[in-house]
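Here is the structure we will look at.
Sequence lines set the chain letters: A, B, ... in the order given, protein chains first and strands last, and positions in each chain run from 1.
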Amino acid sequence: MGEVKKIDKFEVLQDLMRRRGFAWQSFEIYGGVGGFYDYGPLGATIKRKIEQKIREAFQREGFFELETPTVTPEEVFIASGHVEKFVDPLVECKKCGSRYRADHLVEEALEIDTEGMSAEHLTKIIEENNIKCPKCEGELGEVWYFNLMFETYIGPYKDKKGYLRPETAQGLFINFKRLNHFARNQLPFGVFQIGKAYRNEISPRQGMIRLREFTQAEAEIFFNPKETEHPHFDDVKDEILRLYPIENQLKGFGEIEITLEEAVKKRYVLNTFFAYYMAMVKRVLLDIGIPEKAIRFRQQLPEERAHYSTDTWDVEIYSERFGWVECVGIAYRGDYDLSRHMKMSGEDLTVMIHYDKPKIVKKLRVSLNMAKVGPKLKKDAKRINERLKEMSEDEVKKIVQSLEETGKAIVEGYELERDDFIIKEVEEKITGEKIVPHVLEPSFGIDRPFYLLLENSLTVDEDGRIYLKIKKDMAPIEVAVLPLVAREPLKDIAYDVFRTLQKAGLIVIYDEKDTIGRRYARYDEIGVPYCVTIDNQTPEDNTVTIRDRDTREQIRVKIEELPQRLKELIFG
RNA sequence: GCGGUGGUAGUCUAGUCUGGUCUAGGACAGCGGCCUCCCGAGCCGCUGACCCGGGUUCAAAUCCCGGCCACCGCACCA
């Protein structure tokens, strides 16, 4: 019974989204293509509002926004690991045509780890171990890799390969040198980008939940791995999050509710730096209008994690239709991306960390007493002297120790005595060190929260009347101005009110068609939080009523106070 | 990709099995008008559809084949 009702609600929403202009599948008139969605007039407005909430939240953290191309040359994704790792090995049964993940078949049959194996290697293993099609026992063909990135070519000749970016992040990493300069060498700093990304999903399903082209809002926060205390952690330490850590998932324990301070103390969360941004993400989702009870943080299992990450928490939003849906990922990317780009490009992507005070380090400097040793070592003397200079502190200490204890030391096959060396203790002034910053990445999907916001806002009462109880400041139309009946002077007054509100910056609609009840229903359905009604009392005293979508209650206000009152009610 | 089920106006649906009376019916929505009304009232009128392509047949929404899309299951989800 309850289940039937839930399915109905999903269908009501699908219907509503198409009928009233929120979102629908793209390319409809040509039959539609899976994994692509168009945002209609109301949907695009809500999407922009979601993006704006995230943008403002990042800006409150002092991050700056970037915009980089979606078309990206191949080298970037060779460096990022996507060319190699963003793939699935597939194999087809020669008899029945069924397709499988080759690595999964091998892992299952032989219980070995196939991580990083080539297609040829997998093919060989399948042949040698006589692994057959699980369905029909038929022979399996060659293993091939399918890369989930969309390929393209840059320019008129097919010699410059490119890909549509599978994440917006790389556009930020490859600009690191300029960004670090912009931040004047001060870690930590954050940058973000809101834009499209593309993944050629093998089989997109579930409507807007898995798209081939989608919008992300990703921030990369570059920090010194030795400084993982967030300066503003106190602001959020008492925030209670619902966590679902790895061990609770593995042991079948449930979720836990815990303050961030406790979560760090009990080592559920790496450090206060990570914890701070978990709180930030939660606040953004609440600000968008996702109910608190529908938000949880689930730590990704090691095998789920992307190739670049060593710890990731997904922020999931509950859907009646799809269960818990991953909407935001907070990934610890370490120095993976910067190190890889440093290697690939040859650029120096380090940051100089200046110490508060220069460190005075006492160091043993050991060199050969060339005058004494020259005749003995001949032309090897110079080479060994160079070698001594390159030695690590430990190697040098060993030699000195040996000299002190036995009076002798063996270097490069020569036995040398104390007098053959010049040993000096020198003071070295070190003003800082070069480090590759580590990266924490909060990465918002936009399309999924969009859908889940609508789903969580949709209410159907027992009469079947639909209300989209979307958070008031997220509504795509903020006010509807309605003359009670389409008659003068009500129409004229109403139209003036409409224009006044438009000029005041509100998103407003004017409507005089149909009965007033029907119009209220029309605007309840698309989530208009307030209807302003011009009635027969208006010509007498210049007052109008404001009707609340969620309570149906009306208050009467003076027309001159209307813009201000509405703004307070909606954006308060 | 595989298997199953399905695709009729903006939405939901009748018709499909058993080909012809289908010039494709209804409801809701939309548009115009009457009514002038505080929560989807009523009346009149209008607009609007057989997923695409091929085939079988005198005749196809209906039968057959291919494609596309959706839903469910398998697989996949870095």
Side-chain angles (χ1 to χ4, degrees), chain A residues 7-8 10-12 14-21 24-36 40 77 80-93 95-105 133-136 145-149 166-167 197 199-207 209-212 300 303-309 312 314 321-322 325-326 329 331 461 463-467 482-488 490-491 512-525 531-537 544-545 547-549 551-554 556:
Chain A
I7 289 166
D8 283 347
F10 171 75
E11 274 161 13
V12 166
Q14 287 294 319
D15 177 34
L16 181 67
M17 289 209 299
R18 270 173 292 174
R19 199 161 41 80
R20 298 304 304 272
W24 50 80
Q25 194 179 30
S26 300
F27 314 115
E28 270 184 333
I29 67 166
Y30 291 105
V33 180
F36 297 92
F77 297 122
S80 73
H82 284 90
V83 169
E84 186 193 349
K85 296 282 178 60
F86 196 52
V87 291
D88 290 333
L90 299 179
V91 66
E92 193 174 52
C93 171
K95 198 169 138 198
C96 74
S98 298
R99 283 178 183 175
Y100 306 94
R101 282 278 300 258
D103 52 341
H104 288 188
L105 279 185
C133 172
K135 253 185 209 163
C136 74
Y145 269 106
F146 175 73
N147 193 299
L148 265 37
M149 288 190 290
E167 58 171 3
R199 297 173 189 184
N200 199 359
E201 297 286 352
I202 296 168
S203 170
R205 293 272 173 95
Q206 306 167 317
I209 300 295
R210 275 180 72 203
L211 296 176
R212 288 184 164 127
Q300 282 191 0
E303 62 267 28
E304 294 181 90
R305 284 197 296 254
H307 59 272
Y308 48 71
S309 174
T312 297
D314 282 344
R321 171 71 182 183
F322 301 110
V325 178
E326 173 195 346
D461 71 12
D463 307 326
R465 182 160 165 162
I466 298 167
Y467 297 83
L482 317 170
L484 184 63
V485 292
R487 192 180 56 196
E488 299 300 358
L490 304 190
K491 280 166 63 169
E512 59 177 46
K513 287 285 168 194
D514 298 310
T515 64
I516 191 69
R518 189 142 165 182
R519 279 176 280 166
Y520 288 150
R522 189 142 71 214
Y523 297 111
D524 287 342
E525 188 182 53
C531 290
V532 169
T533 308
I534 285 70
D535 59 17
N536 292 314
Q537 196 182 321
V544 295
T545 62
R547 170 192 176 271
D548 185 289
R549 175 194 68 202
T551 63
R552 294 190 178 189
E553 276 165 16
Q554 287 178 293
R556 188 165 278 278

### Query
Does any nucleotide pair with B/C31 by Watson-Crick or G-U wobble geometry, both distances under 3.5 Å, and what is it?
B/G45
### Query
Does A/Q25 place a side-chain N or O at less than 4.0 Å from the phosphate oxygens OP1/OP2 of B/C69?
no
### Query
Atom CG of A/D524 to atom C1' of B/C38: distance rounded to whole Å?
13 Å
### Query
Could you give the CG-to-C1' distance, from A/D15 to B/C12, as a whole number of Å?
8 Å
### Query
For A/R210 and B/A70, what is the distance between atoms CZ and C1' respectively, to the nearest whole Å?
16 Å
### Query
Base, sugar-phosphate alone, or nothing: which one does A/R487 contact when heavy atoms must sit under 4.0 Å apart?
sugar-phosphate
### Query
Is any side-chain nitrogen or oxygen of A/R212 closer than 4.0 Å to OP1 or OP2 of B/C76?
no
With the criterion being N/O to N/O and under 3.5 Å, what pairs connect the protein with nucleotides 32-35 of chain B, and how long is each?
from: B/G33; atom 1: OP2; to: A/K513; atom 2: NZ; distance (Å): 3.4

#### Entry: P atoms of B/G20 and B/C64, separation to the nearest Å
15 Å
### Query
Considering Watson-Crick and G-U wobble pairs with both distances under 3.5 Å, what does B/C39 pair with?
none
### Nearest-nucleotide comparison on RNA chain B, the residue closer to the 5′ end among A/Q554 and A/R18
A/R18
### Message
Measuring only the C1' atom in each nucleotide, how far is B/U11 from B/G19? A whole number of Å is fine.
### Response
29 Å
### Task
Check each of A/R552, A/R519, A/R465 against A/D524 using the side chain to side chain donor-acceptor pair (under 3.5 Å) test, and report the only one that passes.
A/R465
### Message
Show, in sequence, the C-alpha distance, side-chain angles and deciding distance for A/E525 and A/R20, and conclude whether the salt bridge (charged side-chain N to carboxylate O under 4.0 Å, His left out) test is met.
### Response
CA-CA 9 Å; A/E525 188 182 53; A/R20 298 304 304 272; 2.7 Å; yes
### Query
Mind checking the P distance from B/C35 to B/A27? Whole angstroms is fine.
24 Å
### Query
Which of these passes side chain to side chain donor-acceptor pair (under 3.5 Å) with A/T545: A/Q537, A/E553, A/Q554?
A/Q554
### Task
Could you tell me which nucleotide pairs with B/G73 by Watson-Crick or G-U wobble geometry, both distances under 3.5 Å, or answer none if nothing does?
B/C2
### Task
Could you check whether the rings of A/Y308 and A/H82 sit parallel, tilted or perpendicular, using 30° and 60° as the cut-offs?
tilted
#### Entry: Between P of B/C31 and CD of A/E512, the distance in whole Å
11 Å
### Message
Measuring from the side chain of A/R321 (C-beta onward, heavy atoms only), which nucleotide among B/C39, B/C72, B/G40 has the closest atom?
### Response
B/C72
### Query
Given side chains that start at C-beta, do those of A/V485 and A/E512 come closer than 4.5 Å, heavy atoms only?
no
### Polar side-chain atom of A/R212 near backbone of A/G35 as donor-acceptor pair, under 3.5 Å
no
### Query
Does any nucleotide pair with B/A9 by Watson-Crick or G-U wobble geometry, both distances under 3.5 Å, and what is it?
none
### Task
Could you work out the separation of B/C50 and B/U23 based on their P atoms and round it to a whole Å?
15 Å
### Message
Mind checking if A/L490 touches a base, just sugar-phosphate, or nothing, with heavy atoms under 4.0 Å?
### Response
nothing
### Task
Taking atom P in both B/A70 and B/C12, compute the distance separating them and give it to the nearest angstrom.
15 Å
### Task
Would you mind reading off the distance between A/L148 atom CG and B/C77 atom C1', rounded to a whole angstrom?
8 Å
### Query
Quick one: which of B/U36, B/C38, B/G40 gets closest to the side chain of A/T545?
B/C38
### Task
Decide yes or no, distance alone: a donor-acceptor N/O pair under 3.5 angstrom between the base of B/C39 and the side-chain of A/R465.
yes
### Donor-acceptor pair (no angle test) under 3.5 Å: A/R547 side chain, B/C38 base
no
### Message
Rounding to an integer number of Å, can you tell me how far A/F27 CZ sits from B/A70 P?
### Response
13 Å
### Nearest-Å distance once atom P is located in both B/C63 and B/A14
15 Å
### Task
Taking the side chain as every heavy atom from C-beta outward, state whether A/M149 and A/F86 have any atom pair closer than 4.5 Å.
yes
### Task
Name the pairing partner of B/U57, where a pair is Watson-Crick or G-U wobble with both distances under 3.5 Å, or state none.
none
### Message
Nearest whole Å is fine: how far is B/C12 P from A/M17 CE?
### Response
13 Å
### Query
Using the P atom in both, what is the distance from B/C46 to B/U5, to the nearest Å?
42 Å
### Query
Are A/R547 and A/Y520 in a cation-pi contact, defined as NZ or CZ under 6.0 Å from the six-membered ring centre and within 45° of the axis?
yes
### Message
Rounding to an integer number of angstrom, what distance separates B/C28 and B/G42 when you compare their P atoms?
### Response
8 Å
### Task
Classify the nucleic acid contact of A/R522 as base, sugar-phosphate or nothing, counting any heavy atom under 4.0 Å across all strands shown.
sugar-phosphate
### Message
Any side-chain N or O of A/R518 below 4.0 angstrom from OP1/OP2 of B/G30?
### Response
yes
## Note on the structure
Ranking A/G35 and A/P166 by the position along RNA chain B of their nearest nucleotide, the one closer to 5' is A/G35
### Query
Using a cut-off of less than 4.0 Å, is there contact between a side-chain N or O of A/T515 and OP1 or OP2 of B/A41?
yes
### Task
Report yes if some heavy atom in the side chain of A/V544 is under 4.5 Å from a heavy atom in the side chain of A/D535; otherwise report no.
no
### Task
Round to a whole Å and report the spacing from CG of A/L484 to P of B/A41.
14 Å
### Query
Is A/R19 paired with A/D15 through a side-chain N to carboxylate O contact shorter than 4.0 Å?
yes
## Note on the structure
The Watson-Crick or G-U wobble partner of B/U21, with both key distances under 3.5 Å, is none
### Query
When we call it a touch if two heavy atoms are under 4.0 Å apart, what does A/E28 touch: a base, just sugar-phosphate, or nothing?
nothing
### Task
Classify the side chain of A/E304 versus the base of B/C77 as yes if they form a donor-acceptor pair under 3.5 Å and no if they do not.
no
